[in-house]
Amino acid sequence: DAKRNDGRETSLFRPIFLEVGFISRASGSAFAEYRNSKVVCSVSGPRPTGAGENFTDIGILHCHFKYSTFARKDCRKGYLQDDEEKEYSVILEESLSSCLCLEKYPKSRFDCFIQVLEDDGSVLPASITAASLAFADAGIEMFDIVTACSAALVKGHEDKHTIVLDPDWKEQSNSIGMLTLVY
Amino acid sequence: PSKVGPGQRLGSIEEYTAGDGCYTRGNYIYASLVGYKQILDNEGDDMEMKSIIMVTRDKDICDVPVIGSIVICKVTRVNTRYATVKIMCCNDKVLKEEYSGIIRVQDVRATEIDCKVEIYTSFRPGDIVKAEVLSLGDSRSYYLTTGRNDLGVIYAKSESGATMVPLSWESMLCPKTKTKELRKVAKPSNP
């Protein structure tokens, strides 16, 4: 088994730290830290849908994923969402809306804000896990807690490729392919 | 009481019924909240009724008005056809944000819905009203009713600004000016 640059086995996760309920203003909040990757999630709701929106007999979920401007080492992210962040927002909505009991919240909306403080790889799985914990902290009824992890196919010496779990930033940048699983 | 989380299996539907904070899937009852598992034993005479499993939380559970909820609301606008209200509390829990509702003129009283009931003799802007949710309504507001003895105005200020005292189901008295004002008053519940 080839060892990775931080000494981990290929199927070993980095140490994880999770904390909930630290944003007093929000309905629910969660902080996930996968060694250096840090993600903050804040959930607000249930709130009434605005007068301009259509009638719904189930709750609506809106997710907003955003990197902080200082989160990435290679580039400086802008203040508005770019395409990558919009795609991650949609992925978050799809992952979370199937696990929330939305039919118990008619005419209501939930807003989930993800702020990435530092990106050292596997930011999307950390966000999904943090969002799910934030909803649990807010007391919103759910069918189950959603967890996520990602795996990357990393180029090795002499065309020997290895599959690694929970890739960090270097492995993610050098990967040929990546898969994120949400369960 | 044991701590449970969403998705944790609590019992089978053969032995228990699902209460608050739980859902049923297949033959089992699962938790849908983070909290403590509690079992309420059935005290009734009905031997068929099973014990109820529920999950309770230390923090407040967010509630959303559904059909049949008793809500406390404040009248914001009054019209010949309906009164517009802001729903502030639902089932004795204060809501984080106010929902909109309307009480239509035909839903103010249980009787006399065909004759002309004037909204202005039932509610005025600023009154606090206890109502029941009739339906989810449209995108803008819930439809509420006060057509029961225990529903209606529970607190109102008179035109001179003093808190009024209820006299009957249809009038309240201002203690400062001693004038009667017409309202659809809720019957006070026994303490």
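Labels below follow one simple rule: chain letters A, B, ... track the order of the sequence lines, proteins then strands, and each chain is numbered from 1. Computed from a predicted structure; not experimentally measured. Scope of the values below: all heavy atoms of this structure, side chains included, with no hydrogens, waters or symmetry mates.
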query: Taking all non-hydrogen atoms of both residues, which atom of B:V64 and which atom of A:P106 are closest, and how far apart?
result: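 Closest heavy-atom pair between B:V64 and A:P106: CG1-O, 3.5 Å.
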
message: If you compare all heavy atoms of B:Y99 against all heavy atoms of A:S108, which two are closest, and at what distance to 0.1 Å?
response: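 Looking at all heavy atoms of both residues, the shortest contact is OH-OG, 2.9 Å.
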
What part of [X] is in contact with chain A, defined as an atom under 4.5 angstrom from a non-hydrogen atom: side chain, backbone, both or neither?
{"X": "B:Y23", "value": "side chain"}
{"X": "B:S141", "value": "backbone"}
{"X": "B:E98", "value": "backbone"}

To the nearest 0.5 Å, what is the distance between [atom1] on [X] and [atom2] on [Y]?
{"X": "B:L33", "Y": "A:F135", "atom1": "CG", "atom2": "CZ", "answer": "13.5 Å"}
{"X": "B:S32", "Y": "A:D144", "atom1": "OG", "atom2": "CG", "answer": "11.0 Å"}
{"X": "B:S139", "Y": "A:K107", "atom1": "OG", "atom2": "NZ", "answer": "7.0 Å"}

For [X], does the [atom1] atom have more than 12 heavy-atom neighbours from other residues, nucleotides or ligands under 6.0 Å away?
{"X": "B:K157", "atom1": "NZ", "answer": "no"}
{"X": "B:K130", "atom1": "NZ", "answer": "no"}
{"X": "B:L182", "atom1": "CG", "answer": "yes"}
{"X": "B:K180", "atom1": "NZ", "answer": "no"}
{"X": "B:Y28", "atom1": "OH", "answer": "no"}
{"X": "A:I176", "atom1": "CD1", "answer": "yes"}
{"X": "A:N54", "atom1": "CG", "answer": "no"}

query: Which atoms of A:E53 come close to chain B, meaning under 4.5 Å heavy atom to heavy atom: side chain ones, backbone ones, both, or neither?
result: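 The backbone, not the side chain.
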
message: Quick check on the interface: out of A:G139, A:A138, A:P48, who has the most heavy-atom pairs with chain B under 4.5 Å?
response: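 That would be A:P48.
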
task: Could you check A:L100, A:I140, A:I145 and say which one makes a side chain to side chain contact (heavy atoms under 4.5 Å, CB included) with B:P6?
output: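 The single option meeting the side chain to side chain contact (heavy atoms under 4.5 Å, CB included) with B:P6 is A:I145.
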
task: Please check if A:I91 and A:V43 belong to a single hydrophobic cluster, counting links between Ile, Leu, Val, Met, Phe, Trp and Tyr side chain heavy atoms closer than 4.5 Å.
output: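 Yes; A:V43 is reachable from A:I91 via cluster members.
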
